[in-house]
Amino acid sequence: MNRSHRLAEDKLPITREEHSHSHDNHSVGDRLGDSSVHPHVHSEESLRSIVNRLSRIEGHIRGVKTMVQESRPCPEVLVQIAAVRGALDRVARMILDAHLSECITRAAQEGNIEVEMAELKAALDRFLP
């Protein structure tokens, strides 16, 4: 994909409120039923907020790369890396909050809370150190 095509994609507005995805964790699906594809519906505002934060983080990372290329002092670079880590943690928290308030609640109402909880636990096992 060329650079101009990537830039054009990055600037596309978020217009979809529903997306679905498949899970590669076969053990969860095998134990708790087929959960290979299910819709995740999030508010456009929530998606836009997360994407905006990720865009800012992307810019921050480019800034850190520039600092390294300019041979800025290592402590300054490390402080900026710590700031990026903190920003990523805050985005992860936003995603987790949205998942708990929207997806887990919906799964409980639809009667498939066990599958959704198992998938969340598997994701947290990979996410948390």
Side-chain angles (χ1 to χ4, degrees):
M1 181 182 316
N2 67 32
R3 180 169 159 68
S4 62
H5 188 260
R6 269 195 316 251
L7 290 175
E9 282 184 349
D10 289 348
K11 294 178 189 257
L12 290 175
I14 298 170
T15 57
R16 292 181 47 192
E17 292 188 30
E18 179 175 327
H19 66 273
S20 62
H21 59 273
S22 61
H23 297 271
D24 293 329
N25 191 342
H26 297 293
S27 61
V28 171
D30 294 343
R31 285 193 320 260
L32 300 171
D34 183 18
S35 66
S36 58
V37 176
H38 60 272
H40 273 64
V41 181
H42 297 278
S43 70
E44 189 171 328
E45 179 183 339
S46 174
L47 290 174
R48 190 174 308 279
S49 177
I50 290 168
V51 169
N52 285 343
R53 283 193 181 236
L54 288 170
S55 293
R56 278 186 258 146
I57 292 168
E58 186 178 32
H60 201 158
I61 290 171
R62 281 193 303 269
V64 172
K65 180 180 175 184
T66 299
M67 290 176 74
V68 170
Q69 290 171 331
E70 293 173 351
S71 296
R72 299 279 294 272
C74 294
E76 288 180 23
V77 174
L78 291 171
V79 166
Q80 293 307 310
I81 289 172
V84 169
R85 279 184 175 168
L88 280 172
D89 287 343
R90 287 186 294 280
V91 168
R93 176 60 189 253
M94 290 172 65
I95 291 169
L96 180 59
D97 286 347
H99 187 70
L100 291 172
S101 64
E102 299 174 23
C103 304
I104 297 292
T105 301
R106 187 175 315 103
Q109 292 168 347
E110 294 172 356
N112 59 348
I113 188 72
E114 295 84 12
V115 170
E116 198 69 39
M117 289 300 294
E119 290 174 355
L120 178 58
K121 287 178 183 179
L124 288 174
D125 284 344
R126 289 180 158 199
F127 177 74
L128 297 172

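Computed from a prediction, not measured in an experiment: that's the story for all the values here.
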Rounded to the nearest 0.5 Å, what's the gap from [atom1] on [X] to [atom2] on [Y]? Could you check?
{"X": "Ser101", "Y": "Leu96", "atom1": "OG", "atom2": "CG", "value": "9.5 Å"}
{"X": "Ile57", "Y": "Arg62", "atom1": "CD1", "atom2": "CZ", "value": "12.0 Å"}
{"X": "Met94", "Y": "Ser46", "atom1": "CE", "atom2": "OG", "value": "6.5 Å"}
{"X": "Leu124", "Y": "Met117", "atom1": "CG", "atom2": "CE", "value": "8.5 Å"}
{"X": "Cys103", "Y": "Glu110", "atom1": "SG", "atom2": "CD", "value": "10.0 Å"}
{"X": "Arg106", "Y": "Asn112", "atom1": "CZ", "atom2": "CG", "value": "10.0 Å"}

Answer with yes or no whether the hydrophobic clustering places Leu54 together with Leu47; edges join I, L, V, M, F, W, Y residues whose side-chain heavy atoms lie under 4.5 Å apart.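 No, because Leu54 and Leu47 fall into different hydrophobic clusters, even though each may have its own neighbours under 4.5 Å.
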In terms of hydrophobic clustering (I, L, V, M, F, W, Y; side-chain heavy atoms under 4.5 Å; direct or indirect links), are Leu120 and Val91 co-clustered?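 No, no single cluster joins them.
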Would you find more than 12 non-hydrogen atoms of other residues, nucleotides or ligands less than 6.0 Å from Glu45 atom CD? no
Please name all residues satisfying side-chain hydrogen bond (donor to acceptor under 3.5 Å, both in side chains) with Arg93, sequence neighbours left out, ordered by chain then number. Asp97
Please tabulate, one pair per line, all N/O donor-acceptor pairs under 3.5 Å involving side-chain atoms of residues 76-90, not counting sequence neighbours.
residue	atom	partner	partner atom	Å
Glu76	OE1	Arg72	NE	3.2
Glu76	OE1	Arg72	NH2	3.0
Gln80	OE1	His60	NE2	2.7
Arg90	NH1	Gly86	O	3.3

Minimum-distance pair of heavy atoms, taken over all atoms of Glu116 and Ala107: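 Nearest heavy atoms, Glu116 then Ala107: CB-CB, 3.7 Å.
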Side chains of Thr105 and Leu100: does their closest heavy-atom pair fall under 4.5 Å? no
